Engineer: 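Dumping the structure here so I can ask a few things about it.
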Amino acid sequence: MLVQSSRFRFLFPPIQKRIPSSLSFSVASSAMDSASPSMLFLCGKSSTESEIAKSLKINDTLNLPNGGKVSALLQSEINTFRFGEDAFNVDLFLNSLSTKRFGRFLIWSPLLPSTHDIVSHNFCELPVGTVCVADTQFKGRGRSKNAWESPRGCLMFSFTLQMEDGKTVPLVQYVVSLAVTEAIKDVCDRNGFPFIDVRIKWPNDLYLNGLKVGGILCTSTYKSKKFNVSSGIGFNVGNEKPTTCLNTVLKELSTTPNEFRREDITAAFFNKFEMLYDIFINQGESIFWSSLQYPGM
Ligand SMILES: O=C(O)CCCC[C@@H]1SC[C@@H]2NC(=O)N[C@@H]21
């Protein structure tokens, strides 16, 4: 059943074609597995977050589950390395970010096992709202113990939030899904791109032209009367495989050579998420339904 709204569009199951989110890794990427430490660049929107970065580096605080090694570096050290032109541009992201809490402390890595492992394993050491972005993952995690294929071009990030009311925790993935589709609309509007019809298959999958292009993974632990929630998003922005991606569809719809940038989508995501999350916490789940119209019912 397709339900359309004036502001949001939702796609409810059953869906035409299901693409498994569990897909195998290439031999090359699994060979890179934990042999060398993952480089984590710790970056901040303001001096407050930059001080946190320095302290985490000096104290060698961050680590990975199962003894995986990390090497913590500061934003100022990024330019001492040569990463490809398609590496995540930290400045581009931070300059487009207008939030008060989410995304302001950024951990970027060119290659790591899983952004989700970084934020969930180090949750208590990181400021709430921390985001970890990777260009490639070699142990990307999907829901239900599936793997998430994580090639270059795919937008992959995880972030943290803390909640007090256990009843609302399972619903946060809805807010995340909504923020992703709203972010894509926002980037299209700002850049004059044609409308790209990314749809939510509730609660945590994103579809484009009937194919799965993104998924959301939310996990939580309970500590000191608070729910520590880690939320991970994988979205095919520039990677045509394994299904299709935003840039392929944009190319089909455009006469000029435009491309989505992962940095713009990530910043727009947090700008939208912070607003939607505040509404959700203050007004409850009505945000999901208030603007729905049921045509023909
Ligand atoms: O559809 C799913 O099964 C959810 C996929 C979630 C994948 C993302 S990619 C960024 C983050 N890090 C991970 O290891 N998984 C999530």
Side-chain angles (χ1 to χ4, degrees), residues 11 13 15 17-25 29-30 32-34 38 40 62 64-66 68 70 88 93 102-103 106-123 126 129-161 170 172-181 183 198-208 210-220 228-239 241-246 262-263 265-266 269-270 273:
L11 187 61
I15 187 129
K17 214 188 243 179
R18 296 211 65 176
I19 301 293
S21 58
S22 157
L23 296 149
S24 59
F25 299 107
S29 57
S30 47
M32 284 190 274
D33 207 324
S34 59
S38 302
L40 304 184
L62 304 180
L64 278 165
N66 306 321
V70 303
F88 192 82
F93 163 71
F102 293 104
L106 163 71
I107 302 173
W108 167 66
S109 177
L111 172 71
L112 48 56
S114 156
T115 59
H116 215 75
D117 286 351
I118 293 288
V119 300
S120 53
H121 193 68
N122 298 286
F123 196 102
L126 297 168
T130 292
V131 57
C132 178
V133 180
D135 290 347
T136 315
Q137 301 181 123
F138 55 86
K139 275 187 195 154
R141 293 171 48 190
R143 296 189 307 273
S144 314
K145 300 205 172 142
N146 285 331
W148 179 259
E149 191 170 342
S150 306
R152 286 185 91 81
C154 185
L155 171 60
M156 295 164 290
F157 65 96
S158 300
F159 70 100
T160 66
L161 72 152
V172 82
Q173 58 189 335
Y174 290 70
V175 188
V176 175
S177 297
L178 206 47
V180 175
T181 57
V198 175
R199 295 178 176 210
I200 300 168
K201 177 175 162 289
W202 290 110
N204 40 27
D205 282 327
L206 296 151
Y207 275 72
L208 181 55
L211 298 171
K212 176 164 170 171
V213 288
I216 284 132
L217 167 73
C218 288
T219 55
S220 68
N228 294 336
V229 181
S230 302
S231 189
I233 292 101
F235 198 97
N236 298 352
V237 174
N239 54 310
K241 290 188 175 158
T243 55
T244 185
C245 67
L246 270 185
R262 289 177 301 147
E263 298 83 351
I265 298 175
T266 315
F269 167 82
F270 284 113
F273 177 80

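Atoms within a ligand are numbered from 1 in the order they appear, just like the ligands themselves. Fair warning: this is a prediction, and the values are worked out from it, not measured in the lab.
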Engineer: Output the list of atoms in ligand 1 that are nearer than 4.0 Å to some heavy atom of Lys212, sorted by atom number.
Structural biologist: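 Once the distances to Lys212 are compared, the set is 1 (O), 2 (C).
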Engineer: At less than 4.0 angstrom from any non-hydrogen atom of Ser158, what atoms of ligand 1 do you find?
Structural biologist: 11 (C), 12 (N)
Engineer: Which of the atoms of ligand 1 are close to Gly140, meaning less than 4.0 Å from one of its heavy atoms?
Structural biologist: 14 (O)
Engineer: So how far is it from Met156 CE to Asp135 CG, rounded to the nearest 0.5 Å?
Structural biologist: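 Rounded to the nearest 0.5 Å, the CE-CG separation comes out at 7.0 Å.
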Engineer: Test your reading of the model: is there a side-chain donor-acceptor pair from Ser158 to the backbone of Cys132, 3.5 Å cut-off?
Structural biologist: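 No, Ser158 side chain to Cys132 backbone: no donor-acceptor pair under 3.5 Å.
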Engineer: Going by the atom numbers of ligand 1, which of them fall below 4.0 Å from some non-hydrogen atom of Ser114?
Structural biologist: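 Near Ser114, meaning under 4.0 Å from one of its heavy atoms, ligand 1 has 12 (N), 13 (C), 14 (O).
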Engineer: I need the single residue from Val131, Val119, Leu62, Val133 that forms a side-chain contact (heavy atoms from CB on, under 4.5 Å) with Ile107. Which is it?
Structural biologist: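 Answer after filtering Val131, Val119, Leu62, Val133: Leu62.
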Engineer: In terms of atom number and element, which parts of ligand 1 are under 4.0 angstrom from non-hydrogen atoms of Asp205?
Structural biologist: 1 (O)
Engineer: Taking 4.0 Å as the limit for heavy-atom contacts, which would you say applies to Ile216 with ligand 1: side chain only, backbone only, both, or neither?
Structural biologist: backbone
Engineer: Residues in side chain to side chain contact (heavy atoms under 4.5 Å, CB included) with Thr244, at least two apart?
Structural biologist: Leu211, Val213, Thr248, Val249
Engineer: Show me which atoms of ligand 1 lie under 4.0 Å from any heavy atom of Thr115.
Structural biologist: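 Counting from 1, the qualifying ligand atoms are 10 (C), 11 (C), 12 (N).
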Engineer: May I ask you to check if ligand 1 and Lys139 share an N or O to N or O distance below 3.5 Å?
Structural biologist: no
Engineer: Taking all non-hydrogen atoms of both residues into account, name the closest pair between Lys212 and Trp148 and its distance.
Structural biologist: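 Taking every non-hydrogen atom into account, CE-CZ3, 3.9 Å.
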Engineer: Report the residues that fulfil side-chain hydrogen bond (donor to acceptor under 3.5 Å, both in side chains) with Gln173, sequence neighbours left out, ordered by chain and then residue number.
Structural biologist: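 Residues passing side-chain hydrogen bond (donor to acceptor under 3.5 Å, both in side chains) with Gln173: Asn204.
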